[in-house]
There are 2 protein chains.
Amino acid sequence: MASQTEENYLKALFNLANQEGEINISELAQQLEVSMPTANSMVKNLQKRGLVQYEKYKPVKLTPVGKKEAALIIRKHRLTEMFLVNKMGFGWEEVHEIAEQVEHIHSPKLFERMDEMMGFPTVDPHGSPIPDKQGRIQNLQLKSLIDANPGQEAVLSALADSSTDFLQYLNSRNLKLGTELKILSKEPFDQSMIVSYGSVEKETLSQKVCEKLLVKIFETN
Amino acid sequence: MASQTEENYLKALFNLANQEGEINISELAQQLEVSMPTANSMVKNLQKRGLVQYEKYKPVKLTPVGKKEAALIIRKHRLTEMFLVNKMGFGWEEVHEIAEQVEHIHSPKLFERMDEMMGFPTVDPHGSPIPDKQGRIQNLQLKSLIDANPGQEAVLSALADSSTDFLQYLNSRNLKLGTELKILSKEPFDQSMIVSYGSVEKETLSQKVCEKLLVKIFETN
DNA sequence: ATAAATTGTTAGAGTATTCTAACAAATAAT
DNA sequence: ATTATTTGTTAGAATACTCTAACAATTTAT
Ligand SMILES: [Mn+2]
Ligand SMILES: [Mn+2]
Ligand SMILES: [Mn+2]
Ligand SMILES: [Mn+2]
């Protein structure tokens, strides 16, 4: 069975994988806040355990087995976050740190019960998909708000960044998942957007923010 | 901050402490399923950290600081068990293993919320008292059923053993906390008792079982 | 193309936790 | 009292995870 440390590495590898599923040692080390030699030696260990594919000086790749293991840890993480928000009254900015610990608990039944009690949710409180029991994740095909155009409407559906700081920024602007945004204008100079939503008639969102808001854009007929 | 391993040692020390608060290395090693040298070296480590008092060849004692740390871990354990039973529908025989893991989660808020959601329970699903936030535990002064006499009535209030096997035995006899037992007779030869409760008119309980049932005995006028 | 910067690796060491083997102290049995 | 048993300790080693220092390979900049 994978240790807590190994599980955190698998999760980091999963989250950092690019299109080709490849990850550099330096990214991995940075993500986990360890030195490169530390990351390097753990990668060798995961290779010996058949969880990653790796050759000297080449990027790391999760094997199918490693990918499934990672997805199942992420499943526990996201179910936990959702449970904390929906069933225990936590704010979406409070749950990540707790889930980071709870995801390592070995108890299929605990997570089964959470899932059941919540009616089998498909996304976590930040809009990220919850992998199924087989470790499969559905792709929601969301677009970044930055790709929307003036006149269009979009529903905030997920976040490309779930850091506490960003979540608190969203709280302060009363932006939640499900919020319908009307794009009023887009500033060509700095890519900032002026939008309206709910009872907020005008709000300027910087490029940085817009990039991180993942939306479903209504088709404009 | 104490590691998960250290926390488990503290808890074991707390639970094994006798009247004088003393624990032998061999008991400790047995409880934690490690070798005596392992227990011995951890005790030295805990001493260096000011959590136990220890001298070569003498029994170990938790310091006040160690005792409080231990009680707060036990608090998390018991709140978790109660939450799993009351809010998540687990059976009392399923929760210990999960709580053994959850007790190590660092998140005052998580346990605050559990406590709040349950209305600040004072005992866990097995009748053991939940230490308060200061690490104080109330003594319920329960007696073993073995000390009750024919003709008396007693309410099952806690268990001296919460092993899965024993809990399943109690399930099979429909014995729960709160069950009122009438003592019909007591066999002098083997200390077994014949009792009646609920819709059960006659049930024989062995000495082993009676010893482990902690009860409040009604005063006989 | 060469130099500079970045990325990756190896070597060597430290802490935490655990073990077995060997021995010493304390306790129980004869 | 002596012997046997149990309990406790030390020494030495293994595994997991981490680090820094030194060096090597690769990539980027000039
Ligand atoms: Mn998260
Ligand atoms: Mn984690
Ligand atoms: Mn328990
Ligand atoms: Mn534990």
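So that the names make sense, note that chain A is the first sequence line, chain B the second, and so on, each numbered from 1. Remember, predicted model here, so these are calculated numbers, not experimental data.
Contact annotation: Lys56(B) side-chain N/O to dT10(D) OP1/OP2 distance is under 4.0 Å. Contact annotation: Tyr9(A) does not reach the phosphate of dA16(D) (side-chain N/O to OP1 or OP2, under 4.0 Å). At dT10(C), one or more side-chain N or O atoms of Lys44(A) fall inside 4.0 Å of OP1 or OP2 (strictly under the cut-off). Of the side-chain N and O atoms in Thr5(A), one or more sit less than 4.0 angstrom from OP1 or OP2 of dC17(D).
To the nearest angstrom, P of dT27(D) lies 14 Å from CD1 of Ile25(A). Across the protein-nucleic acid pair, Met36(B) atom CE and dC23(C) atom C1' stand 12 Å apart, rounded to whole Å. Between the CD atom of Glu55(A) and the C1' atom of dG8(C) there is a distance of 14 Å, rounded to whole Å.
Arg75(A) pairs with exactly one of Asp132(A), Asp115(A), Asp124(A) by the salt bridge (charged side-chain N to carboxylate O under 4.0 Å, His left out) rule, that one being Asp115(A).
In this structure, Ser35(A) reaches the bases: a heavy-atom distance under 4.0 Å links it to at least one base atom across the strands shown. Among the heavy atoms of the strands lying under 4.0 Å from Thr38(B) is at least one base atom, whether or not backbone atoms are also near.
Few gaps surround CD on Gln134(A); more than 12 heavy atoms of other groups in view lie less than 6.0 Å from it.
Annotation: of the two residues near DNA chain D, Tyr57(A) and Ser41(A), the 5′-most nearest-nucleotide partner is Ser41(A).
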